[in-house]
Amino acid sequence: MERLRPHYPVLYRGTNGRIAHECIIDIRPLKAESGISEEDIAKRLMDYGFHAPTMSFPVAGTLMVEPTESEDKGEIDRFCDAMIAIREEIAKVQSGEWPLENNPLVNAPHSQAD
């Protein structure tokens, strides 16, 4: 949560600013500003080798990330790196550098070589 919070809004933080075992990332403000949806982000994560997280539960327009005790710090860091890279891609759409209709996010997932 701490690594992603500068890049994405995080919902349901407690009185001490912490979260429970899941992190709910609010995509709604980004979607309003860029047109990129939680579904676009979920599909783009597949290009980085991740299964899409839970979408729109418990809140529509969000991604719920639930790292478990089975994920080591290296894998969690790799996931955060991917989410930060995706946020940088969203910024390219927001700035007009990439068109909303044709960019790596809306075209994801991309075919992979076997």
Side-chain angles (χ1 to χ4, degrees):
M1 187 260 316
E2 290 297 334
R3 281 202 59 209
L4 295 178
R5 193 166 51 108
H7 307 279
Y8 296 93
V10 175
L11 297 181
Y12 302 125
R13 293 175 43 220
T15 56
N16 295 319
R18 309 309 273 166
I19 57 171
H21 69 283
E22 72 261 346
C23 178
I24 300 173
I25 300 169
D26 191 358
I27 306 303
R28 296 171 297 181
L30 294 173
K31 184 176 182 179
E33 296 169 6
S34 68
I36 298 298
S37 71
E38 67 280 5
E39 184 176 332
D40 296 326
I41 295 169
K43 289 197 283 185
R44 185 68 170 134
L45 277 167
M46 289 193 251
D47 291 336
Y48 286 89
F50 293 101
H51 186 278
T54 301
M55 291 186 300
S56 296
F57 180 85
V59 178
T62 65
L63 296 174
M64 183 170 56
V65 180
E66 297 184 86
T68 67
E69 293 83 3
S70 63
E71 301 296 340
D72 64 23
K73 184 173 181 325
E75 189 67 0
I76 292 172
D77 284 341
R78 194 173 77 80
F79 177 80
C80 288
D81 291 342
M83 287 295 292
I84 292 166
I86 289 169
R87 181 62 184 96
E88 291 168 359
E89 294 174 346
I90 294 169
K92 290 181 179 182
V93 174
Q94 286 175 293
S95 71
E97 182 178 343
W98 287 353
L100 176 59
E101 304 79 27
N102 186 20
N103 63 69
L105 291 146
V106 300
N107 292 323
H110 298 85
S111 298
Q112 300 292 315
D114 283 336

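Here the structure is a predicted model, which is why all the values come from computation and not from measurement.
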Handout entry: Glu88 with Lys92: basic N within carboxylate O range, under 4.0 Å
Key = no
Completion exercise
The reported gap from OG in Ser37 to CE in Met55 (rounded to nearest 0.5 angstrom) is 8.0 Å
Exercise for the section: Locate the shortest heavy-atom distance separating Leu100 from Asn103; write the atom from each residue and the value. Expected result: O-ND2, 3.1 Å
Completion exercise
Rounding to 0.5 Å, atoms CG (Leu30) and CD1 (Ile90) come to a distance of 5.0 Å
Problem - Point-to-point distance, once rounded to the nearest 0.5 Å, from OG1 of Thr62 to OH of Tyr8 - result: 13.5 Å
Practice task
Group every Ile, Leu, Val, Met, Phe, Trp and Tyr by side-chain heavy-atom contacts under 4.5 Å, then state whether Ile24 and Val65 land in the same group.
Solution key: no
Exercise for the section: Report yes if the side chains of Leu4 and Cys80 come closer than 4.5 Å at any heavy-atom pair, otherwise no. Expected result: yes
Practice task
Find out whether Met1 and Glu22 are in side-chain contact, i.e. whether some heavy atom of one side chain is under 4.5 Å from a heavy atom of the other.
Solution key: no
Problem - Connected via hydrophobic side-chain network under 4.5 Å: Ile25 and Met64 - result: no
Problem - Residues Arg78, Asp81: salt bridge by 4.0 Å N-O rule - result: no
Practice task
Flag yes if Ile27 and Phe50 sit in one hydrophobic cluster, no otherwise; membership is Ile, Leu, Val, Met, Phe, Trp, Tyr, and two members link when side-chain heavy atoms are under 4.5 Å apart.
Solution key: yes
Problem - Minimum-distance pair of heavy atoms, taken over all atoms of Arg13 and Ile19 - result: CG-CG2, 3.9 Å
Problem - Heavy-atom side-chain contact between Val59 and Arg28 under 4.5 Å - result: yes
Handout entry: Gap separating the CG atom of Leu45 from the CG atom of Asp40, nearest 0.5 angstrom
Key = 11.5 Å
Practice task
Calculate, to the nearest 0.5 Å, the distance between atoms CG and CD1 belonging to Leu63 and Ile41 respectively.
Solution key: 5.5 Å
